[in-house]
Every structure is written in structure tokens, then in C-alpha cells.
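Atoms within a ligand are numbered from 1 in the order they appear, just like the ligands themselves. None of these values were measured; they are calculated from a predicted model.
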Amino acid sequence: MMFWLLILSMLGISLIAAYRGASLFHWTVAMTAVLAGFAAFTSISTPAIIILSVLFAAIAIPLNYKPIRRRWLSEPFLAMYRKMLPSLSETERVALEAGTVGWEGELFAGNPNWDTLLDQQWPELTETEQAFVDGPVETLCDMLKPWQNAHELADLPPEIWAFLKEHRFLGMIIPTEYGGLGFSALAHRAVLQKVASVCPIAGTTIAVPNSLGPAELLVHYGTQAQKDYYLPRLASGKEIPCFGLTGPTAGSDATSIPDTGIICKGKHDGKDVIGIRLDFDKRYITLAPVATIVGLAFRMYDPDGLVGDREDLGISLALVPRETPGIEIGKRHMPLNVPFSNGPIRGKDVFVPLDALVGGIERAGQGWRMLIELLSVGRAITLPSSSTGGTKLCALSTGAYARIRKQFNLPIGRFEGVEEALARLAGHTYAISALSRMTASAVDLGEKPAVPSAIAKYHATEMARKVISDAMDVHGGKGIIMGPRNYLGRGWQGIPIWITVEGANILTRSMMIFGQGAIRCHPYVLQEMSAARLEDKSRSLEEFDRHLFGHIGYSISNAVRSMLLGLSFARFAAVPSDRKTGKYYRKLTRYSAALAFASDIAMLTLGGKLKHKERISGRLGDVLSHLYICSAMLKRFEMQGRPAADQPILAWAFHDAVYKMQTALANVVDNFPGRAFRVLLAVIIFPLGRLEKQPGDRLGHKVAQLLLSPSATRDRLTSGIFISKSAQNPIGLLELALPRVIAAEPLERRILKAQSAGKLDTGNRPNQLGEAVRKSVITEAEAEELRQVREMVAEIIAVDEFESSVLRMGVSIEETSTTEQAA
Ligand SMILES: Cc1cc2nc3c(=O)[nH]c(=O)nc-3n(C[C@H](O)[C@H](O)[C@H](O)COP(=O)(O)OP(=O)(O)OC[C@H]3O[C@@H](n4cnc5c(N)ncnc54)[C@H](O)[C@@H]3O)c2cc1C
């Protein structure tokens, strides 16, 4: 009996130690104390205590005595590890080293401290930034005519370009001392969100000069002379920038660019100088057709040793003025009917002096590092912010339209099928907005959020794809017929653009999020890799041993935590105590431990091969992403003062994300190589099975209803987009009509009732109101209100019609090439 009690005590202590992540030393002390206690104070038999003590010593001594541990455990493992270690290309090494680790590190490590998240600052716009958003940005949005820009001009009109330049929209990230606006990431986000909610062409035109490109490169890496010359010109719009990396053979695999820069002697401004002769072929370059200064990525060579003794200097960046001889620029691509300026740039024997290199010759060969470092910030802002603007517009307009548009005598938003789409739309909009807000805030708090920015880019655009599809479905034909009245079609057409740029989404999900996250966020892997690569063998072993045993303890702890949290529904997890959201934090703690354990098993068993197991890394990346998205939603909920009315949307978005997490983990478990590992993962991660459910119908119904009428919740969900006050603007009209349509619903019901009772004729609606007044169904004033409301509704459901000649673009490709040949 005592023997079994001792075994149980030892097991219990081991589990508690593992759950709490106690050190090996503390576990050893606790176990020794238990053995000693049983020996001294209980009637346990001496042989039993001796056997157990010997067994314990056989385990504890080699683990605690480092010379033995290193010689017999760590050394052979290190030799094996070195063979498994993935070979890292320069590109991958740079990507892994880029950026900082913030909240995502806690989520990845399996035991997030929620106070860290909740105590994190939540920056707000400054007064100047808010005034800009309420002033010039509102005015710009009012001036934009999306249909004219996209269809008639395939460009922004001169007055919009002039306005953008005058108000320094193209220099938001340029510091004020150089004439820019010096905005925070949050302000940058607020501007893009608002503009993108009106016109994707204007949104892109503003986004590009403020993201990866000449201005950002110069701010961070430019020489003083380059900053002094270019930044004021870029801020004022005197220079329009573009940045060319992609070419026909190098898309996702951007480091394989075949474009070259050969260091040689040549003439510049009539003088003999050392410079670079560039040959390049770039495509898809945004703003290239109108750019005056081209940021260019190429591989630089110094065959004659003019600047040093290395021939292949690596990827380098230069700023090349448009008028430089040899450049071919100006033609346009047509990106999916969203005709912002985009086109190819080619160059043959383009000679520029060495000081055209971004950062000068000292930064030769550092091009890829510069791009990756900047991308870790830029990806957190441009596309997540634009997606937020677009999806908020979809939520606002689709909710209003679903209330105003009637079929079968009911607003279509009352049908359960439409409710499903509305709930998804609201939930995803909530999630995207929280995600984009949190990543932009992270930038303002000094992070370079490499992993969250990849999460934000991928998930904001993927969820936006779902939102715009749902919005289109709910609008039916109204969303399909293009024209000035259509506020959705262009966004729906354009979504694959945002999916493709800044790292195409399949690649971002499969390689970047987990690939980078696993190594960057893991508390031991990067250190183990560095230790294994150390030249000094004894230091290598010493450090490897330290990290390895830290890692083993961490893995055991996560396995135990994952299983116990799964078995107990995470009841004992330390989370902020709140009845409503406490259970959410608990669930996230549980899945965080499960992710940490599954990641370790994946890295341990697959090693370098994990890089090519994109299905597994994509799914583990999904889990990390949804943990991050849920954290962002909870943080937003807290920062907004826990509005009870928003709770259903939070709940829907949360359960949706957790269900997706479970699906991703389940797919990892079910498809993991090796049956034994599948069983182990299933037992540890899902000890009670897969219990998460998709958001239920009652919750979906509540959420959908929140979109159908004006409320503080609807305002919070869609805040920050442009809503015109004019009835001439389709969104302005929707917002003006919605409260009046709702107020008129009882009158419409009275008329329907009178019709069913045979008191009113069922046909001929124009006369119907007069008859209803005559038969005292409604008053004259009510009839007038109904007349006006019906007129508004008629305009809202109307679509555009064109003469055929208006739809013809005018110039055929054949005509263009004939004209070119003649020229
Ligand atoms: C409208 C538009 C504007 C752009 N603006 C610019 C610009 O201003 N400057 C600039 O330099 N570039 C720009 N780009 C280029 C953009 O960044 C590239 O299109 C993008 O990097 C993908 O390259 P690709 O189109 O050649 O696709 P590919 O590289 O051919 O990829 C095709 C598909 O394969 C997937 N894939 C590729 N490799 C992997 C992998 N290892 N694992 C999983 N999936 C993989 C991709 O995710 C993608 O889905 C722009 C592109 C477009 C369409």
C-alpha cells in the first residue's frame, strides 16, 4: 500500500513539476524529499525504498551531473543533430534573423502570460494625425470617383494627384524634418483603411510610396546626402517612386533575380567615374509607368576588382532616375480591372554612378537584408489596413442592403441562409480589424514583427476574400452589374491582387508563418542551432547541452500541460478571471501548449525535412495565426471597455477561430508521418477527442441581426471608413435610408395586413398609397414618408445601364501595335 502511495506521490510530483515548468534541479530535490520523507515517516518496507531510490538515482545522477550527461547524452545527440540540421541559405538566414519576437513568442512557447498582453500599451492617434484623417483624408475620399477612375480614366485624375502631393500623402512615413508627415504606423493604417474603403486605385497609389520602396529604404539605410536630396522631393511628390524586384523568372523566389549590375568605369555628367552598368527586366511594378525614380534590386558583380576583392557582391539596391539612358518604362499592365499604375521596366546598359547605391558602397550586397527587414514592418500595415477598410465597407453596406432589400415580402437579411453569410461577414471583419490594429500597434511599440506581419498579411487578405464573396452573394445581381452604383464589384475583382503581392499567400502560409515562427519564437531551437554551428568544439558541446536539456524540460512540460489542460478543459490555467472571457483565455492557453508540443515533435522527427513538409508547417502556422488573431480580438475587446453588446461578434469570431485551430491540429495529427507519432499526438493533444464546434445557429442569428440596424456595435465594427453624407453617394444613400426604412417597416406591415384582409388591392403600388390613405390604413403624412422611403429604396436597388459605345474601351490591341509599328 505504502509502496503504491509513494509511486503515486512521485508521479504526482513529476506531473506538477512538468506542468509548472520546474527545473531539473528542483524536480530532483522534490523527488529526493519525497523518498526521504517516506523512508523516515512511513512504514514502507526497506527493500522497496532502496529499489526506488536506486532507480531514481540511476536517472537523476546522470541528468544532473554534467560531465556524464555531456559525454553520454549530449555529445552523441549533437553529432546526430548536426547531420539533421537544415542547411540554411543566405536568404533563409537573413529571413530568420529579421525582426523581433513579441507576443507571438509567448503563444508559441505554450504558456502565455495574459497579463503581458493585457498590460501592453494600446497606442492611439495623435491630435495631428487624427486631424489629418478627419481633414484631408475625408476631403480626398469625397473627391474620389471610383468608377471614373477605374473605368473611364484607368488612373487618378490630375486634381487627385495634385491633392495627394499637396497634402503629402506620398510622404506619410518620411520624417517631418525632411518635409514628410512622420506618421505612426497607426496613423498610416488609419489613412489606408479610409481610402481603401472608397477606391482601391487611390488606396494602392498611396500605399506604395509609403511601403517598401525608395523612401523607406532611404529613411533607414540611405546616406545623409541621399536623404537630403531625395526625401524632401519624395515627400512633396516631386519624385514618384516605384520599386522593382520581381521579374519574369523571379517571382516568389526573389533572390534568384537574373538582373545584374557590373561595376565598371563609365561616363556620368560628362565625367569618367566608377559606376554600375545595369541590365534588368522587371514586371508587375506598381507606379512604374508614372515613376520618376526607380528603386531597383539586382545582383552586383565586380569582375575587375574596382571596389574590393569580391567578385559576386550579392543583391544590392540602387535608385535610378527615370530619364537615365537605357531605361524602357511607361507601358502598363492591367491588374484585374483595378487599373492602378503598374507595368514593366526594362534596362539595357544603364549606367549609374556608385552613389546611386542605397546606403552607398558600404551597403553593397546587403539588399536582401534591407528588404526583408523592411518587409517585416511594411507587411504589418499596407495590406492588413487596406483589407480592414474594404471589409468594414462590406459589413456596413451588406448589413444595410440586407435590411433594405426585400424578397418574399421580407428583408433578405431575415432569411437564415443570408444570416449565415452576414454572421461570417461580421465575425471576419471583427477579426481582421483587431489583427491589423494589433500588428500596427506592435510596430509603434518598437517591434519589427516579422511573424505577426506575415500572419496579418496572409489572414487579413484571406478573410477579406471570404468577406467580399459573402458581400457579393448577399447583394446578388446588384453586386455584379458594374457602374458608379456598384461599391463592391471592383473590390471583389481585385482581391487576388492583394493575395499575390508582398509574398503570395500560399507561400506565406506554407513557408513563412511557421517556418519563421518556429525558429524565431522557439525558446531553444535558434540557440541549439547556433551552438551546434560553433567552431570551438567544447564550447559548442557545453552550450548545446545547456539548451538541449532546457529544451527537453520544455517539451515534457508542454506535453504534460497539453494533456492536463485538454483533460481539465484548462480549468486550472492561470488566466484573467472574468466569467465571460475567462473561458476564452483558457482555451487559448490549452491550444498554445498543444502547438508547442506538436511543433517540437515535428521539429524533432522531421528536422530539416520539415522545410519541405509544407502541409504540416502550413497547418501549424494556422494554429499560431489563430492564437494570435484571438489574442488580438481579446485585447481589442478589453481596450474598447468590454462592450457587452459586442460580445456576440467576439464569441462568433472566437469560436470560428478555435474551430479552425482544432481542424488544423487534427489534420497535423491525422497526417503526421509514423503511426506511433500519430497516436502520441492524438493522446496528448486531444485526450477527450475533438470537442470544438463551429459557432452555433443562435449565435449566428444574433450576430447577423447586429448588422441589420444602426447601433453602437455596428459603428464600432465599421469605424474608420469613409461614409459620405451625400445621398448622391451609394454608401451615403444606404446610411441615410437605413433608419428610415426601419422606421417605415410597421407602415409596410400595415399595408400588407390590409392587403391580406382584402381591404387593399394587391397590385399597382403607385396608387396603393393613395388608396391606403383613403381607406384609413395609413395617414397622409405616413404615405408621404413611405413614398420617399420607397424612392430611396428604388435608387438603392437600381443598377447602371450604358450605351454600348460607353462600354467599348476604344482601342484594340491590334490598333495599338499598328500605331507602334508606324511610330
Ligand atoms: C498587381 C501586382 C503588383 C505588384 N507590385 C510589385 C512591385 O511594385 N514591385 C515588385 O517588385 N513586385 C511587385 N509584384 C510582384 C509580386 O510580389 C509577385 O507577383 C509575387 O511575389 C509572386 O510572384 P509570381 O507572381 O511570379 O508568382 P510565382 O512565384 O510564380 O508563384 C505562383 C504560386 O506558387 C506559389 N509558390 C511559389 N513558391 C512556393 C513555395 N516554395 N511554397 C509554396 N508555394 C509557393 C505562390 O504562393 C503562388 O501561389 C506585384 C505583383 C502584382 C500582381
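With sequence neighbours excluded, no residue forms a ring-ring contact (aromatic ring centres under 6.0 Å, His included) with F298.
Here is the list of ligand 1 atoms found below 4.0 Å of a heavy atom in T500: 19 (O), 20 (C).
With a 4.0 Å cut-off on non-hydrogen atoms, F340 touches ligand 1 through its side chain and not its backbone. The side chain of I497, and not its backbone, has at least one atom closer than 4.0 Å to an atom of ligand 1 (non-hydrogen atoms only; side chain from C-beta on). At a heavy-atom distance under 4.0 Å, no atom of H333 approaches ligand 1. If you look at M511 next to ligand 1, the close heavy atoms, those under 4.0 Å, all belong to the side chain.
Inside a 4.0 Å radius of atom 37 (C) of ligand 1 there is at least one protein heavy atom. Protein heavy atoms all stay at least 4.0 Å away from atom 32 (C) of ligand 1. For atom 28 (P) of ligand 1, a protein non-hydrogen atom is found at a distance below 4.0 Å. In this structure, atom 14 (N) of ligand 1 is in close contact with the protein, since a protein heavy atom lies within 4.0 Å of it.
Each of P344, P289, P339 was checked for a side chain to side chain contact (heavy atoms under 4.5 Å, CB included) with H333, and the lone residue meeting it is P344.
How far CG of D622 is from CG of L595: 10.5 Å, rounded to the nearest 0.5 Å.
Identified under the salt bridge (Lys or Arg N to Asp or Glu O under 4.0 Å) test for residues 234-250, with sequence neighbours left out: R233-E239.
In summary, K660 and D656 engage in a salt bridge, as defined by a charged side-chain N under 4.0 Å from a carboxylate O.
Contact detail for E216 and S211: the closest heavy-atom pair is OE1-C, 3.4 Å.
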